[in-house]
Amino acid sequence: EHYFKLMIDELDRANTLIGEFLSLTKNPPANFVFRQLNDIIMAVSPLLTADATLQEKLILLDLCPNLPNLFLNSSEIRQLIFNLVRNALEAIEPEGKVVIRTYTRESEVILSVADNGAGMAPEQIAMVGKPFVSTKADGTGLGLTICHNIATRHHAKITVTSSVKATTFFVHFPIH
């Protein structure tokens with residue numbers, strides 16, 4: 001029974017890895033419409049908050065009230081938000097916090113996901129988005145690669161800042 005459980009766990013892990021890899025190679029549907037980024041964040045926030053609460057962590061929202069609409073694929077933006085927030089939750093200790101923020105700057109709408117974890121080393125930041133590179137023991141190294149691909153399809157870019165007390169991922173969406 002022990003060996004069967006171990007085999008099933010490894011098959012589940014392989015299935016996850018294959019599914020994530022395949023999501024990189026398939027052409028996503030062109031379901032882009034003008035939407036409010038905040039509406040998508042608000043739609044996924046109950047799931048993210050529940051996930052954080054189970055881990056004794058906190059998610060805070062700081063959303064700019066008057067964002068311009070963006071040309072978005074809602075499913076992909078949900079996936080991007082889930083990946084960034086789940087990574088942030090994994091980087092913090094219980095009672096830590098993740099702040100999801102939106103704001104405008106010049107001709108961009110910016111989504112930021114900040115955590116108050118231990119931060120990332122410069123060599124880790126340099127590897128962000130590279131396939132199959134992960135700092136997690138059970139990570140596939142595809143979550144941030146998927147985020148970068150989603151950002152590219154939205155003509156957006158992802159940047160990262162980190163210190164010993166925090167890491168912030170920024171997604172810069174152009175205003176059309």
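Because the structure is a prediction, the values reported are computed rather than measured.
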| query | Which residues pass the salt bridge (charged side-chain N to carboxylate O under 4.0 Å, His left out) test with Arg101, sequence neighbours left out? | reply | Asp62
| request: Please report the C-alpha distance between His148 and Lys157 in whole Å, then the side-chain angles of each, then the deciding distance to 0.1 Å, and finally whether the side chain to side chain contact (heavy atoms under 4.5 Å, CB included) criterion is met. | output: CA-CA 7 Å; His148 277 276; Lys157 67 178 180 176; over 6 Å; no
Taking atom [atom1] of [X] and atom [atom2] of [Y], what is their separation to the nearest 0.5 Å?
{"X": "Thr104", "Y": "Ile175", "atom1": "OG1", "atom2": "CD1", "answer": "6.0 Å"}
{"X": "Ile81", "Y": "Gln79", "atom1": "CD1", "atom2": "CD", "answer": "10.5 Å"}
{"X": "Leu80", "Y": "Arg153", "atom1": "CG", "atom2": "CZ", "answer": "10.0 Å"}
{"X": "Asn31", "Y": "Leu72", "atom1": "CG", "atom2": "CG", "answer": "12.0 Å"}

Per-pair distances, 0.1 Å, donor-acceptor, side chain in residues 164-171, under 3.5 Å, sequence neighbours excluded:
residue	atom	partner	partner atom	Å
Thr167	OG1	Ser162	OG	2.8

| remark: Heavy-atom nearest pair, Gly96 first then Asn116, reads CA-OD1, 3.6 Å
| note | On a heavy-atom basis, the closest approach of Leu63 and Ile100 is CD2-O, 4.0 Å
| Can you name the residues that form a ring pair (Phe, Tyr, Trp, His ring centres under 6.0 Å) with His154, not counting sequence neighbours? | Phe32
Could you list the donor-acceptor pairs under 3.5 angstrom formed by side chains in residues 34-45, with sequence neighbours left out?
residue	atom	partner	partner atom	Å
Arg35	NH1	Ser74	OG	2.7
Gln36	NE2	Leu67	O	2.3
Asn38	OD1	Thr102	OG1	2.9
Asn38	ND2	Cys64	O	2.6
Ser45	OG	Met42	O	3.1

| said: Apply the hydrophobic cluster definition, ILVMFWY joined by side-chain contacts under 4.5 Å directly or through others, and give me every member besides Val33. | reply: none
Could you give the side-chain donor-acceptor pairs of residues 53-61 under 3.5 Å, partners two or more places apart or in another chain?
residue	atom	partner	partner atom	Å
Thr53	OG1	Thr49	O	2.8
Gln55	OE1	Lys57	NZ	3.1
Gln55	NE2	Asp51	O	3.4
Gln55	NE2	Asp51	OD1	3.2
Lys57	NZ	Leu89	O	2.6
Lys57	NZ	Ile92	O	2.9

Are the side chains of [Y] and [X] in contact, using a 4.5 Å heavy-atom criterion?
{"X": "Ile146", "Y": "Asn83", "result": "yes"}
{"X": "Leu47", "Y": "Phe82", "result": "yes"}
{"X": "Cys147", "Y": "Ile158", "result": "yes"}

| Donor-acceptor pair, Asp115 side chain versus Val98 backbone, under 3.5 Å? | no
| task | Output, in order, the C-alpha distance, side-chain angles, deciding distance and verdict of side chain to side chain contact (heavy atoms under 4.5 Å, CB included) for Leu111 and Phe173. | result | CA-CA 8 Å; Leu111 162 67; Phe173 293 95; 4.2 Å; yes
